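None of these values were measured; they are calculated from a predicted model. Convention: sequence-line order gives letters A, B, ...; per-chain numbering from 1.
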There are 2 protein chains.
Amino acid sequence: MNRTRTSIVDIARAAGVSKSTVSLVLQKSPLVSEATREKVNAHIAELGYIYNRGAANLRQSKSKIVGIVVNDLTNSFFAELAVGMDMVVQSAGYVQFLAHSGESVDRQREVIASMRENGIAGLILSPARGTKASDIKDLADSGIPVVVVVRNLPGAKVSTLVSDNYAGAKAAVRHLIGLGHRRIAFMGGFQDTAVFGERLRGYRDALQEAAILATEKCIIHSAPSRAGGVAALERLITIEDRPTAALCLNDAVAFGVCDGLRANGLEPGKSFAIIGFDDVIEAKTAVPALTTISVDPQGMGQRAAQLLLKQINSGQRDQESIVTSVRLVVRQSCGAPVKQLEEIE
Amino acid sequence: MNRTRTSIVDIARAAGVSKSTVSLVLQKSPLVSEATREKVNAHIAELGYIYNRGAANLRQSKSKIVGIVVNDLTNSFFAELAVGMDMVVQSAGYVQFLAHSGESVDRQREVIASMRENGIAGLILSPARGTKASDIKDLADSGIPVVVVVRNLPGAKVSTLVSDNYAGAKAAVRHLIGLGHRRIAFMGGFQDTAVFGERLRGYRDALQEAAILATEKCIIHSAPSRAGGVAALERLITIEDRPTAALCLNDAVAFGVCDGLRANGLEPGKSFAIIGFDDVIEAKTAVPALTTISVDPQGMGQRAAQLLLKQINSGQRDQESIVTSVRLVVRQSCGAPVKQLEEIE
DNA sequence: CTTGTTTTTTGGATCGTTCCAAAATATTTA
DNA sequence: TAAATATTTTGGAACGATCCAAAAAACAAG
């Protein structure tokens, strides 16, 4: 069909030099004279030559490809994370395989295998729910740098970059307590993720600190999505001594809770205080603007990619664990001090 | 650092056969006897062999990689589009380079160049704003199948897959007219994209059909994002004879408009009717649930990927233009018939 | 036990680069 | 100008797979 694409020897022939010389020109070696460099470059442009990176990779047994596996691209937190990675990966001259595991460990395993066959220089993984450290053991053992982001993988001997979930949750709950709330719920998420565990711990400790008894019924599990938030709220309103505020697992859940409140004739931020987690872009413009814990997903993506590239370039495999700091961004959804709210009741 | 990875000859040596035999086993050829197949497979498993697809690609001068370039991954429409593509690409045994152009034609050019060097079998492109047909001409000329999605690229000789923007916009405006609205705005988007042009044309024709005069001041440009929607609404409320309804360029803008209305003490769906475009996942659960034109981005992604794979496999480069049909999904944001609204005024 | 068939296996060339030692050319020095 | 040195250029061997023609082994028939 398509005639074989033009290669380095075609150029060499056209320019009347050897293929080695052309190769030298391509890698901008200072060993070639200015005259031949120009001559060769002219022919490269004329023949529309396209560098075959695969062949180079084969010879050098290394590549300029990094793999990125994300558990849920439709969640804007992860989409932004991916965009942040993309930025630094691209400007470092790398190209990325980006795959979406959809929270399936099977699919995750498949795509990682496929990436290995294609020869990635490193991998950034935001693990699907239920991923075990053993799932990436042989990858890491093979000497390919791996950076795990967002969700911790206890026991895995790789670098990790997670946000300070514990501190963030604690700060959020302290803020709610400071506003006068005493019955505070924790909404969204499932037991089995590290993120959930860490944030819940922060929530519990903040309550304990204020000598508030944390009741189990105030911890409401649900899918970590907008729809999950709606569902969680439906369960919340049925409990007696209904909480007056909630920390949500993430912003998506928080938005869902807002939706649910409205559907029940309650006004988020007025009759119920809400704090999210992540600070996705919509958090700022939503109505009411969402009080949340800012984790800067794009920045995290950038840092993760930088960490990976550093490991690729240095050749050292020693693991590094970074916990990125977070900060409370107070907006409207957590309302005014609770005295006003109590009056309404 | 890392000892050279085990190759086909290592296996051959271990199993006491030739590398050709191992190759045959790898590609599940029926020519090898059952006995040797098992023996070889045992050694493959034992040595932890990883297939080097790059080497195979070099020899065969073809690859199992498709490139996907998306203009804005943080927009959930495109994120879902990418997920749809990912699904079919992955299950066809391909792997995808996914890049985010961030609406920059320069970056888009760079990533496409990089993908070509890495040897992609085909490309799916959702063009950045301002992309010209000439930008992908030589790619298409080189015989690599290209599918352009979402935004039309007039003049490009490649297959395209776009949703029926014209019909969708028309249906939406007809619906608003049917509810009794007469002053209807078109909000969001910029002049220079094909999508904007097509939807605006649908809007105009529907108004004309009903003998309603379309005034230019009812067409409000803004960024096609949530923030853009907020900004657009701020401008809308200043005009005299304020419209009672709006068709928004997309759901993101529509959500922004809702936010803006609330910030101005107006209630979306009650005092102002809104219709979006795209039907992103949040549209259903938002409050009020968004009336919108459903385009099923994930399905579009799947169809685009299927179209590309078909071209890759068949080797035929004849272009195909698919316009996917859309449908109006009526929810709460467009409110009840306008008589009630007029009474409020 | 040959010969003829069929089934398996195999060596070497190949894909497009990079790398290296060695060759060719240019430049300097005595 | 010849020798010594510095600068450029080059051929061929890798890298790890596939492909193909041909060899080897297994089997059948006479």
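- A/I50 comes within 4.0 angstrom of the backbone, heavy atoms only, and of no base.
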- [ ] Begin with the C-alpha distance, continue with both residues' side-chain angles, and end with the deciding distance and a verdict on side-chain contact (heavy atoms from CB on, under 4.5 Å) for B/Q108 and B/V69.
- [x] CA-CA 7 Å; B/Q108 180 176 279; B/V69 181; 4.3 Å; yes
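- Between the side chain of A/S18 and the base of D/dG11, no donor-acceptor pair under 3.5 Å is found.
- Closest to the B/L24 side chain, of the nucleotides C/dG12, C/dT17, C/dT10, is C/dT10.
- With distances taken from any side-chain atom of A/V17 to the nucleotides D/dT10, D/dT9, D/dA17, the minimum falls on D/dT10.
- At a threshold of 4.5 Å between non-hydrogen side-chain atoms, the residues A/V111 and A/F97 do not count as touching.
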- [ ] Please step through side-chain contact (heavy atoms from CB on, under 4.5 Å) for the pair B/N152 and B/T193, ending with a clear verdict.
- [x] CA-CA 8 Å; B/N152 239 313; B/T193 64; over 6 Å; no
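- Between B/Q60 and the phosphate of D/dC19, there is a side-chain N or O to OP1/OP2 separation shorter than 4.0 Å.
- Proximity of A/Q27 to the phosphate of C/dC19: a side-chain N or O atom is located under 4.0 Å from OP1 or OP2.
- Residue side chain A/R59 does not reach the base of C/dT17 through any donor-acceptor N/O pair under 3.5 Å, judged by distance alone.
- Checking the phosphate oxygens (OP1, OP2) of C/dT18, a side-chain nitrogen or oxygen of A/S23 falls inside 4.0 Å.
- In the set D/dT18, C/dT17, C/dG12, C/dG12 carries the atom at the smallest distance from any side-chain atom of B/S20.
- Between B/T36 and C/dT9 there is a side-chain polar atom (N or O) within less than 4.0 angstrom of OP1 or OP2.
- Per the geometry, CD1 belonging to B/I8 stands 14 Å off C1' belonging to C/dG11, to the nearest Å.
- Taking every side-chain heavy atom of A/Y51 into account, C/dT17 is the closest of D/dG16, C/dT17, D/dA17.
- The shortest distance between the side-chain N/O atoms of A/S33 and the OP1/OP2 oxygens of D/dT9 is below 4.0 Å.
- Checking the phosphate oxygens (OP1, OP2) of D/dT10, a side-chain nitrogen or oxygen of A/T21 falls inside 4.0 Å.
- For the side-chain hydrogen bond (donor to acceptor under 3.5 Å, both in side chains) criterion with A/S159, the lone passing option out of A/Q319, A/E320, A/K310, A/Q311 is A/Q311.
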